[in-house]
There are 2 protein chains.
Amino acid sequence: MSTVTSHTAIPSAADIKSAAIRIAPYISRTPVLKSPMFNNLAGGDFYLKCEHLQMTGAFKARGAMNTVLVHREEALKNGLLTHSSGNHGAALSWAAAQIGAKAYVIMPSNAPKAKIASVKYYGGIVTFCESTLEARETTAEQVRQDTGALLIHPYDNYDIIAGQATATYELLQEHPDLSQIFVPVGGGGLLAGAALANSYFGKAKVIGCEPSIADDAFKSFTSGKWIPAKSTNTIADGLKTSLGHKNFPIIHKHVERITLLTEDEIQEGWHTCLETIKQLIEPSAGTGVAAAMREETNGKTGIILCGGNMDVRRFTLL
Amino acid sequence: MSTVTSHTAIPSAADIKSAAIRIAPYISRTPVLKSPMFNNLAGGDFYLKCEHLQMTGAFKARGAMNTVLVHREEALKNGLLTHSSGNHGAALSWAAAQIGAKAYVIMPSNAPKAKIASVKYYGGIVTFCESTLEARETTAEQVRQDTGALLIHPYDNYDIIAGQATATYELLQEHPDLSQIFVPVGGGGLLAGAALANSYFGKAKVIGCEPSIADDAFKSFTSGKWIPAKSTNTIADGLKTSLGHKNFPIIHKHVERITLLTEDEIQEGWHTCLETIKQLIEPSAGTGVAAAMREETNGKTGIILCGGNMDVRRFTLL
């Protein structure tokens, strides 16, 4: 077993390369799709990195797997813990199970059934609580005291950021000459990772893609001052959260700009992805597609399709 | 230019190999997907042949391209003609355009906008008519007299069957040891092709998958006598048509059996495909998935995902 230490500073080029090697036996090297019809509709030369085809259906498997391996001994001893009910909860459960460790996931009792089922499917041990942030944190602290499990934040964590950076690292290995990369931004793990990877291995302009009605990253970026997210009902439900405090300075330094997408544009991006490349992405991933469709691009453009987890049973054929 | 003659008899092993070589420069060699989650849910070891990722979004590109190349000189001289408003119309338009030939497509004026747009996108020349079979045939005959174009039937045609057979031929090249292959059946081009390819190159039981409420192939197969389709509203809208007269004897001889799927089962297959492998298939392709989920299987099982063309704009996120 290699000895690795948890990152306490912004991941270096070597850290991202190490993360890529560390997680390679577990994650999928996702394909990069090209489509003449997509290019025709969106007007450009696009390279779509398919993280919806990643293990657990989202890029989150990368950061979770990296963190589990970095904390292998603690994970095997007392397990890991999170109170994210989204893709991170499933990803951490999956990643912990890869090395035979336990993952405790605190979820609000009114969480969507599909999300609860997903966490359980991957072996996560679910503890339910009231659906307030306070209840989640109190319950998490209780589970932590009972089990000694290590709390893993879904994005405000350098090991997570280094793991998420490997998606863009892979894309740049195949297409080092990208001029732009469109990346959805919620908590900023994927965007900070993309911006770092590009700063070391690429020469693209990295553009964050955020819903207009969840514009805290845009406001933070333009004001230079961390601004929390307000409550919102954007269809891009993975992008509602505030930027992480570790993520913000990386984004502020290495991201070109953040572009805002209306709900209609996000839906149009989602529809276009289904129609042209027949891939089920989640609405959050529609932001990157929508931005690519609206913006002028030069040369080759990457788009990170961040995930494909959504409730498809709401779509009935009968 | 190689000289090839149109098939006037059931395609041989050599005919299918020739078709595969002939169309290879134009079509996609589609991937064969595996998914642990899909296997877990469906209970077996499944290999999903992704014809929804084929050019024009359906296996129809194979038969159309083969037929265009077999009739290259006539196609270049006077063009080709069809009165299929489904995937074949788009596929024939696309295939004709690959060699710079014209394709005339007769469509009912009330055809879905997406289908009209698709045919036009691929360069087809659309002539509208009333939405009766008689009007279509009359209009097609008129266009044929005006242009001299060659009418290409969407499935009741040996060149088409040889082309469709290449999907299963490719699958068997990668997995010669399949024990079962589930194949949707409408007009029977795909199923007849699959059964022939398997008879030459495989050892699987080929099982046709048909909606319970569009069971003409089942009835024809079990009675040994061609029975036409009745009008139906199955969600598997690509499978409403009657078996072709050339297709039926091939199916009767080489197919193991035909299994019937309820509308609920087809929808469940469609949902499962979206959820597990994040692929947008059309409802017709859900029949093969549904059969695989319900039936006992031994060893390795292939499923032909026949296409991915459907109106996704009916699914709104807002």
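Chain letters run A, B, ... following the sequence lines, proteins first and then strands; every chain starts at 1.
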With a 4.5 angstrom heavy-atom cut-off, could you sort out which part of [X] is near chain A: side chain, backbone, both or neither?
X: B:Asp264; answer: both
X: B:Pro36; answer: backbone
X: B:Asp311; answer: neither
X: B:Leu53; answer: side chain
X: B:Thr316; answer: both
X: B:Ile235; answer: side chain
X: B:Ile266; answer: neither

ask   = Is there a side-chain contact between A:Lys120 and A:Val126 (heavy atoms, below 4.5 Å)?
value =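 Contact flag for A:Lys120/A:Val126 side chains = yes.
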key: Nearest-0.5 Å distance that lies between atom SG in A:Cys209 and atom CD1 in A:Ile181   =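 These two atoms lie 11.0 Å from each other.
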query = Among A:Lys278, A:Glu275, A:Gln279, which one satisfies side-chain contact (heavy atoms from CB on, under 4.5 Å) with B:Leu280?
reply =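 Single side-chain contact (heavy atoms from CB on, under 4.5 Å) partner of B:Leu280 among A:Lys278, A:Glu275, A:Gln279: A:Lys278.
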message = Under 4.5 Å from any heavy atom of chain B, what part of A:Met310 do you find: side chain, backbone, both or neither?
response =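 The side chain, not the backbone.
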task = Select, from B:Glu263, B:Arg313, B:His52, B:Gln267, the one with the greatest count of heavy-atom pairs under 4.5 Å involving chain A.
result =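 So the answer, after comparing B:Glu263, B:Arg313, B:His52, B:Gln267, is B:Arg313.
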Max heavy-atom pair count under 4.5 Å with chain A, selected residue of B:Asn40, B:Ile281, B:Ile277 =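 Most heavy-atom pairs within the cutoff with chain A belong to B:Asn40.
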query = Do A:Lys300 and A:Tyr47 meet the cation-pi criteria used here (NZ or CZ under 6.0 Å from the six-membered ring centre, within 45° of the axis)?
reply =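 Flagged: A:Lys300 positioned over aromatic ring of A:Tyr47.
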request  = Give a yes or no on whether the backbone of B:Ala214 and the side-chain of B:Thr232 come within a donor-acceptor separation of less than 3.5 Å.
outcome  =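 Here the side-chain-to-backbone pair does not exist.
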Salt bridge (Lys or Arg N to Asp or Glu O under 4.0 Å), paired with B:Glu51, selected from B:Arg62, B:Arg29, B:Lys60 =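 So, applying the salt bridge (Lys or Arg N to Asp or Glu O under 4.0 Å) to B:Glu51 and each of B:Arg62, B:Arg29, B:Lys60, only B:Arg62 qualifies.
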request  = Decide, yes or no, whether a salt bridge links B:Lys34 with B:Asp45 under the criterion of side-chain N to carboxylate O below 4.0 Å.
outcome  =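 Yes, charged N to carboxylate O under 4.0 Å.
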